[in-house]
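Presented below is the structure to which this report refers.
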Amino acid sequence: MARFVSPPKSEFSKLRQPLTDGEQIVFDFFDKYLSEEWEIYIQPHLNGLRPDFVLLNPNVGIAVYEVKDWNLIAMQYHVEPQEPQEPQNRGSPRLIGKKDGKTFSLQSQNPIEKVYQYKEEIFNLYCPRLKQGSGFSAITAGVIFPFASDTSVHSLFKESLKFRRFDQYKQFYPVIGADSLQSGKLEIVFPEGKRICSRFMKPEMYQDFRNWLIEPDFSAEQRKPLALDKVQKGLVTSRTPNGYRRIKGAAGSGKSLVLAARAAELLGEGKTVLVITFNITLLHYLMDIAVRWPCSNGRTRKDITWLNFHYWCKRVCVDLGHEDDYKKLWDKDEKNDTLNVMLPALVEKLIDAYPNDITKYDAIMVDEGQDFMPLWWSLLRKVCKPAGEMLLVADATQDIYETAKSWTDEAMSGAGFSGPWSELDISYRLPELALEKVCEFANQFMPPEAINLPKRQASLALETCYLRWVHVDESAASNQCCEELLRLVITNELNDELAVTDCTFLCDKKSFGYNVVSILGNKGIKSVHTYEPDTKESRRQKIGFYMGDARVKATTLHSFKGWEARALVIYIGPKVNAKTLALIYTGLTRLKRHDQGSCLTVVSSSEMLLEYGKSWPSFEMVY
């Protein structure tokens, strides 16, 4: 049988973090000398950790390796014991570097400490069914220096190996250099690699761990160029006579793809581009799309300006020397007025006062335009160069801030638009089964004038999609949400192919979400989230929220608008109103079809939605 490698060997040249020369040598060694039953995982997303290699065999065990391309001659290295404050609390020896007369700590890069941490976490968090004590021997933790001699490696790390007792159990802690690697002897580089079975390793333990190692869907997707249909591609590669274009479309129809690709296309033509959103977290998603458009030449992240609207307003104030005026606005209690009216009014005043000092752009593009007010659009028009380009994309069905109604025909005419909307109406994101339930939800709970339902793509093959609705009392909802997240990768039908880091949790209140991620954290599952109670810290979390993070994702329904994921758990609270319904609709449409299947679980405490929930393929009422 062919060996399973993740990511596949055919994708190595496309990795966003390419293999180093040393890592390639080590991979070739394992690929050549290990039996095909051993799976090889390169830089797996391991709950926030990123070891260089993990080897996995359902009948034998696990190995985790750190590879260091270090030249131990190019810089002076030494390891020194840490002075204990108390005799029984001596810290691990510290790795120190010295170059050009400067001495500095390299302890954070100490590979002995790294693999020690890897093995501890693998045993305690990801393989709970391994027996305490004896089961520890099912995990090998090794370090390889492909460009340093065995003697120099052992000499340098003598104290570290002694401290962690690696020197007493060399079979399970191989630390080797180039001599052993070049010998071609697997029994030296990976002593346990010659085994064909182990009484400590079982297939169910293998499955426990494998879901942490599978390459996330996001990482694989990033290596693929954008695939657009004829209509989408036409919008990306053309402009209207006056440069103004508005695009509307249902959820999953590719509006954001068109916007990001158009931004990259214009960058390739040498144009300056500003991309504006209301949602802070959406920017990372758009950046990840843009880099996949061939004309971008990989420069989209640094050469396109990506800002949310209110941060752009702040930048204008600071750039024009009026930061104090900006700060004074926030001394007022009327926060919404500050955001929606007073801040834009200040920025407009400054632009008019300093027309030659303001930064202007060849193209300005606004995503999720239904979240914008016409006043904001008018303000952005002032920084578009003459004969420039303006793009607005929107979906009124996702009007979670109730601003879409301000875009009247008169407002549209005054905003520079003429002629009909360009329209994208085919949903490429939603699986067929999920699309049916989304349409049922919209028709049952949303006003007809606000509905813009996605249409089916008839040529797409039916894909696996698991939909589950759990009705639960609000008092038990946090624990139930955690159980459902764990269920996705432990008992779900997709557990052979679903990476833990593909799992995303959404809710409408930060306090509830914070409780859920705290429970997950107590179970040893790390998450990247935006639920921090402090507003400033929450904003920082939103800026740092991206799907490539090696942890479970968790954020609000508001912040995930525009994004997509193949494995979702959504919580709906007991109180549901018109505004909440638009938010729920938006959440349901975030599910992404996948050729290996997708999953959506709704945990709901809403009596209003109970009968609808019973219509889902899997329904459970938890008391």
Hydrogens and angles aside, do Gln109 and Gln107 bring a side-chain donor and acceptor to less than 3.5 Å of each other? no
With rounding to the nearest 0.5 Å, note down the distance linking CG in Asp395 to NZ in Lys561. 8.5 Å
Can you tell me if Tyr33 uses its side chain to pair, donor with acceptor, with the backbone of Val189 under 3.5 Å? no
Between Phe123 and Phe136, is a ring-ring contact (aromatic ring centres under 6.0 Å, His included) present by the stated rule, with each step listed? CA-CA 7 Å; Phe123 181 79; Phe136 214 57; 5.0 Å; yes
Is it the case that the side chain of Arg468 and the backbone of Thr601 share a donor-acceptor pair, with hydrogens and angles ignored and the cut-off at 3.5 Å? no
Partners of Asp217 by salt bridge (charged side-chain N to carboxylate O under 4.0 Å, His left out), sequence neighbours excluded? Lys592
Counterpart residues, salt bridge (charged side-chain N to carboxylate O under 4.0 Å, His left out), relative to Glu483 (two or more places apart): none
In sequence, state the C-alpha distance, the side-chain angles, and the governing distance for Leu467 and Val602, and then conclude on side chain to side chain contact (heavy atoms under 4.5 Å, CB included). CA-CA 8 Å; Leu467 300 182; Val602 174; over 6 Å; no
Any side-chain heavy atom of Val552 within less than 4.5 Å of one from Thr504? no
Partners of Tyr173 by side chain to side chain donor-acceptor pair (under 3.5 Å), sequence neighbours excluded? Lys119
As an exercise, state the distance from CE of Met201 to CZ of Phe209, rounded to the nearest 0.5 Å. 8.5 Å
When every non-hydrogen atom of Trp293 is compared with those of Ala261, the smallest separation belongs to CD1-O, 3.6 Å
Would a distance-only check, ignoring hydrogens and angles, find a side-chain to backbone donor-acceptor pair under 3.5 Å from Arg566 to His594? no
What is the distance from atom CD1 of Ile214 to atom OH of Tyr41, rounded to the nearest 0.5 Å? 4.5 Å
Tell me whether Trp469 contacts the main-chain N or O of Pro617 through its side chain, where contact means a donor paired with an acceptor under 3.5 Å. no
Does Tyr206 have any ring pair (Phe, Tyr, Trp, His ring centres under 6.0 Å) partners at least two apart in sequence or in another chain, and if so, which? none
Chi angles and distances behind the side chain to side chain contact (heavy atoms under 4.5 Å, CB included) call for Ile139, Phe172: CA-CA 7 Å; Ile139 307 170; Phe172 304 113; over 6 Å; no
Hey, is the main chain of Tyr428 close enough, under 3.5 Å, to the side chain of Arg593 for a donor-acceptor pair? yes
Heavy-atom distance under 4.5 Å between the side chains of Leu506 and Thr555, does that happen here? yes
Is the closest side-chain donor-acceptor distance between Tyr571 and Ser605 under 3.5 Å? yes
Could you tell me whether the side chain of Ser559 and the main chain of Thr556 form a donor-acceptor pair under 3.5 Å? no
By ring pair (Phe, Tyr, Trp, His ring centres under 6.0 Å), Trp306 pairs with (sequence neighbours left out) none
Checking the side chain of Asn279 only, and the main-chain atoms of His558 only, is there a donor and an acceptor separated by less than 3.5 Å? yes
Min side-chain heavy-atom separation Leu557-Thr586 under 4.5 Å: no
Quick note, side chain to side chain donor-acceptor pair (under 3.5 Å) partners involving residues 52-68, not counting sequence neighbours, are Glu66-Tyr118
Hey, is the main chain of Leu498 close enough, under 3.5 Å, to the side chain of Asp502 for a donor-acceptor pair? no
What is the distance from atom CG of Leu282 to atom CD1 of Ile276, rounded to the nearest 0.5 Å? 11.5 Å
Give a yes or no on whether the backbone of Asp229 and the side-chain of Gln232 come within a donor-acceptor separation of less than 3.5 Å. yes
So, Asp69 versus Thr20: side-chain donor-acceptor pair below 3.5 Å or not? yes
Test log, rule salt bridge (Lys or Arg N to Asp or Glu O under 4.0 Å), inputs Arg3 and Glu39: CA-CA 6 Å; Arg3 181 192 312 284; Glu39 299 175 355; over 6 Å; no
For the residue pair Pro7 and Arg223, establish whether any side-chain heavy-atom pair is separated by less than 4.5 Å. yes
Salt-bridge criterion met for Lys526 and Glu121 (N-O under 4.0 Å): yes
Rounded to the nearest 0.5 Å, how far apart are OG1 of Thr277 and NE2 of His284? 11.0 Å
Begin with the C-alpha distance, continue with both residues' side-chain angles, and end with the deciding distance and a verdict on side chain to side chain contact (heavy atoms under 4.5 Å, CB included) for Thr140 and Ile62. CA-CA 6 Å; Thr140 293; Ile62 300 162; over 6 Å; no
Got a sec, which residues hit ring pair (Phe, Tyr, Trp, His ring centres under 6.0 Å) with Tyr514, two or more places apart in sequence or on another chain? His529
With heavy-atom distances below 4.5 Å as the criterion, would you say the side chains of Ser427 and Ser253 are in contact? no
List in chain and number order the residues that pass ring pair (Phe, Tyr, Trp, His ring centres under 6.0 Å) with Tyr116, two or more places apart in sequence or in another chain; answer none if no residue qualifies. none
Got Pro574 and Glu474 here, is their nearest side-chain heavy-atom distance under 4.5 Å? yes
Pair Trp38 + Phe190: ring centers closer than 6.0 Å: yes
Close side-chain approach of Cys481 and Phe512, heavy atoms under 4.5 Å: yes
Residue set satisfying side chain to side chain donor-acceptor pair (under 3.5 Å) with Ser478, at least two apart, ordered chain then number -> Asn515
Any donor-acceptor pair under 3.5 Å linking the side chain of Lys553 with the backbone of Arg551? yes
For Glu564 and Arg590, what are the C-alpha separation, side-chain angles and deciding distance, and is it a salt bridge (Lys or Arg N to Asp or Glu O under 4.0 Å)? CA-CA 5 Å; Glu564 59 187 16; Arg590 299 305 95 197; over 6 Å; no
Measure the spacing between CG of Leu591 and CG of Leu435 and express it to the nearest 0.5 Å. 11.0 Å
Could you walk me through whether Phe53 and Ile144 pass the side chain to side chain contact (heavy atoms under 4.5 Å, CB included) test, one step at a time? CA-CA 11 Å; Phe53 291 96; Ile144 302 176; over 6 Å; no
Are any non-hydrogen side-chain atoms of Phe278 and Val366 less than 4.5 angstrom apart? no
Gln480: what forms a side chain to side chain donor-acceptor pair (under 3.5 Å) with it, not counting sequence neighbours? Glu484
By salt bridge (charged side-chain N to carboxylate O under 4.0 Å, His left out) - contacts of Lys509 (at least two apart): none
Could you walk me through whether Glu532 and Lys510 pass the salt bridge (Lys or Arg N to Asp or Glu O under 4.0 Å) test, one step at a time? CA-CA 7 Å; Glu532 180 63 40; Lys510 290 198 296 183; over 6 Å; no
Applying side chain to side chain donor-acceptor pair (under 3.5 Å), name anything that partners Lys9, two or more places apart in sequence or on another chain. Asp31
